[in-house]
Amino acid sequence: MAVRLETRAWGWRYSTRQKWAVADATFVIEPGERVLLLGASGSGKSTLLHAFAGVLADDEGESRGTMTVDGAPVASQRGRVGLVLQDPDTQAVLSRVGDDVAFGMENLGVPRDEMLPRVEMALDAVGLDVDHDRSTAALSGGQKQRLALAGVLAMQPGAILLDEPTANLDPAGVREVREATLRTVERTGATLVIVEHRTEVWLDIVTRVIVLGPEGVVADGAPYSVLQERGAELAAAGVWVPHHPPITPPPPASNSGGVLLEATELEVARVKKNPVAGPFDLAVHAGEVIGIVGPNGAGKSTLGLTLAGLIPAHAGSVRASEELAGLPQRDPFRWTSRQLLTRIGTVLQEPEHQLIARTVRDEIAVGPRALGMGADEVDARVEELLVRLRLAHVAAANPYTLSGGEQRRLTVGAMLATRPRVLVLDEPTFGQDAVTWSELVALMAELRDAGHALVVVTHDEVVPRALHARQFAVGV
């Protein structure tokens, strides 16, 4: 049965933060409504979903106001609200599809004889037609996200919350998740709340739009009336609004320069003797952007990691120019981490995989300190990047309390702090609102025009066009 979600002057503040992540949110979502929850990066959208799902621990922060599910405190409604997160790879708990769908039911104490019918129903509802023994690791990104949705559906929640479910998916995966979501809510009647920057994907599914701002709800109503009547205002605040495209930089000021990094007959792999892509021939030039594009699972991220010197070539070679290397050893994989710092910088697809410091400020300072820079120079570089990347207000915060978009900007800042000549960025714009997206793209264009080489792995089809990138397709 669909549930009613309600907040009254509700707010949440993480224990390491002075500013409230969500402040004074007041709204009622009636049973069976389909809501698109929008807002700028850092406005508290994900925090709100996590709170309704009951996964915010009391020792992580403090709350105020009230939040209820069907009129009762969230803590008493275990299993009534299901949450699907943005990263498909972190949601598969068990190695086999059937076991993974059953995992949530086991935690709820569902009788064993009910589990198999529920597993089959859930997989059918999301359109995931694979054997129950299929390895979860063998699924594509879109399939993994549908698997996560099936696991939630099998628990028979009254509300389904999706937190940027298409953020890391190719266009085919986006369509799969959209259609699976539509089938699910039509079959179950569950209340649906979606946090998403790809607004246009969901507009014909949802019945209502709620927009969060610094002081709570700033807009609430029918989707097209909200986005048409207040489109310009919301777009200026960072909300992705159809027909209000983000600002993009001008074309390169000059032609690209010499080759800094070259791959020859390159095959790439995460596991020995199991290449996922190649062979490739690819030259990376100073002053250019290369957009690595292709479907989920094609090997784009693996290619990026290999070019960055973080994993070895499976076959063929990656070789730096004399200008970039400045060392007898020209294979980046053979360089020390300190040698890589000023030569090739990397932003991984998942921000949390490379966060190591206790504060945002210290995270950006890690690289400069490893290079032995003086305190004044370190501080100057850190302050510049905090301001440029709109992170100054969270400088003292724990990086793990940031929104996904803020974490992404932080990892970009940490890489830029050592000023590497070649930059390998995996999904650099994921989780960004329209304003921070434009600012990140502008920053990448500035680096390109300053003679840096950028390798950008992305599913965001607009990024390569905005940067006038040379596209390199993998798996197509």
Side-chain angles (χ1 to χ4, degrees), residues 1-13 20-40 42-56 58 61-85 152-153 155-165 181-182 184-197 199 202-230 233-234 237 239 241 403:
M1 182 180 295
V3 300
R4 184 177 192 262
L5 307 175
E6 182 175 3
T7 62
R8 291 193 180 277
W10 186 85
W12 175 269
R13 179 168 61 188
W20 290 81
V22 182
D24 299 320
T26 298
F27 58 81
V28 176
I29 299 175
E30 297 293 349
E33 279 198 282
R34 303 174 184 179
V35 177
L36 185 60
L37 182 61
L38 303 178
S43 62
K45 304 181 297 296
S46 294
T47 299
L48 194 65
L49 293 197
H50 289 199
F52 270 124
V55 296
L56 285 182
D58 291 340
E62 62 176 308
S63 65
R64 65 187 184 194
T66 60
M67 172 179 283
T68 60
V69 174
D70 269 350
V74 171
S76 69
Q77 298 287 66
R78 183 169 176 260
R80 296 294 292 135
V81 177
L83 174 65
V84 177
L85 303 174
V152 166
L153 180 58
M155 295 188 290
Q156 297 184 350
I160 298 173
L161 314 181
L162 307 182
D163 190 2
E164 296 204 49
T181 301
L182 182 58
T184 297
V185 294
E186 287 183 341
R187 178 175 296 194
T188 65
T191 306
L192 177 68
V193 183
I194 306 168
V195 167
E196 182 65 90
H197 285 301
T199 312
W202 303 100
L203 282 182
D204 63 342
I205 289 179
V206 299
T207 57
R208 179 179 172 191
V209 165
I210 297 175
V211 184
L212 284 185
E215 304 300 328
V217 175
V218 298
D220 185 353
Y224 288 98
S225 63
V226 169
L227 296 178
Q228 287 180 358
E229 292 171 10
R230 301 184 59 183
E233 172 194 352
L234 294 174
V239 176
V241 179
S403 71

Are [X] and [Y] close enough that some pair of their side-chain heavy atoms sits under 4.5 Å apart?
| X | Y | value |
| --- | --- | --- |
| Met67 | Leu48 | yes |
| Arg80 | Phe52 | no |
| Leu212 | Val218 | no |
| Leu227 | Leu38 | yes |
| Leu49 | Leu162 | no |
| Leu85 | His50 | yes |
| Val35 | Leu5 | no |
| Val22 | Lys45 | no |

Which atom pair, heavy atoms only, marks the closest approach of [X] to [Y]?
| X | Y | result |
| --- | --- | --- |
| Ala23 | Pro214 | CB-O, 3.7 Å |
| Gly82 | Val152 | CA-CG1, 3.5 Å |
| Gly32 | Thr191 | N-OG1, 3.0 Å |
| Ala159 | Val3 | CB-CG2, 3.5 Å |
| Gly42 | Ser403 | N-OG, 3.6 Å |
| Asp163 | Ser46 | OD2-OG, 2.8 Å |

Quiz prompt | Test log, rule side-chain contact (heavy atoms from CB on, under 4.5 Å), inputs Trp20 and Glu215 | solution = CA-CA 9 Å; Trp20 290 81; Glu215 304 300 328; over 6 Å; no
How long is the gap from [atom1] on [X] to [atom2] on [Y], to the nearest 0.5 Å?
| X | Y | atom1 | atom2 | value |
| --- | --- | --- | --- | --- |
| Arg4 | Thr68 | CZ | OG1 | 7.0 Å |
| Thr26 | Asp24 | OG1 | CG | 6.5 Å |
| Arg34 | Ile29 | CZ | CD1 | 14.0 Å |
| Ile210 | Phe27 | CD1 | CZ | 5.0 Å |
| Arg208 | Leu37 | CZ | CG | 10.0 Å |

Quiz item: Would one find more than 12 heavy atoms of other residues, nucleotides or ligands at under 6.0 Å from atom CZ of Arg8?
Solution: no
Exercise. Give me the one residue out of Leu36, Leu182, Val209, Leu192 that meets side chain to side chain contact (heavy atoms under 4.5 Å, CB included) with Trp202.
Key: Leu36
Exercise. Ignoring hydrogens and angles, tell me if any N or O in the side chain of Glu233 forms a donor-acceptor pair with the backbone of Arg230 under 3.5 Å.
Key: no
Quiz item: Do the side chain of Thr7 and the main chain of Ala25 share a donor and acceptor less than 3.5 angstrom apart?
Solution: yes
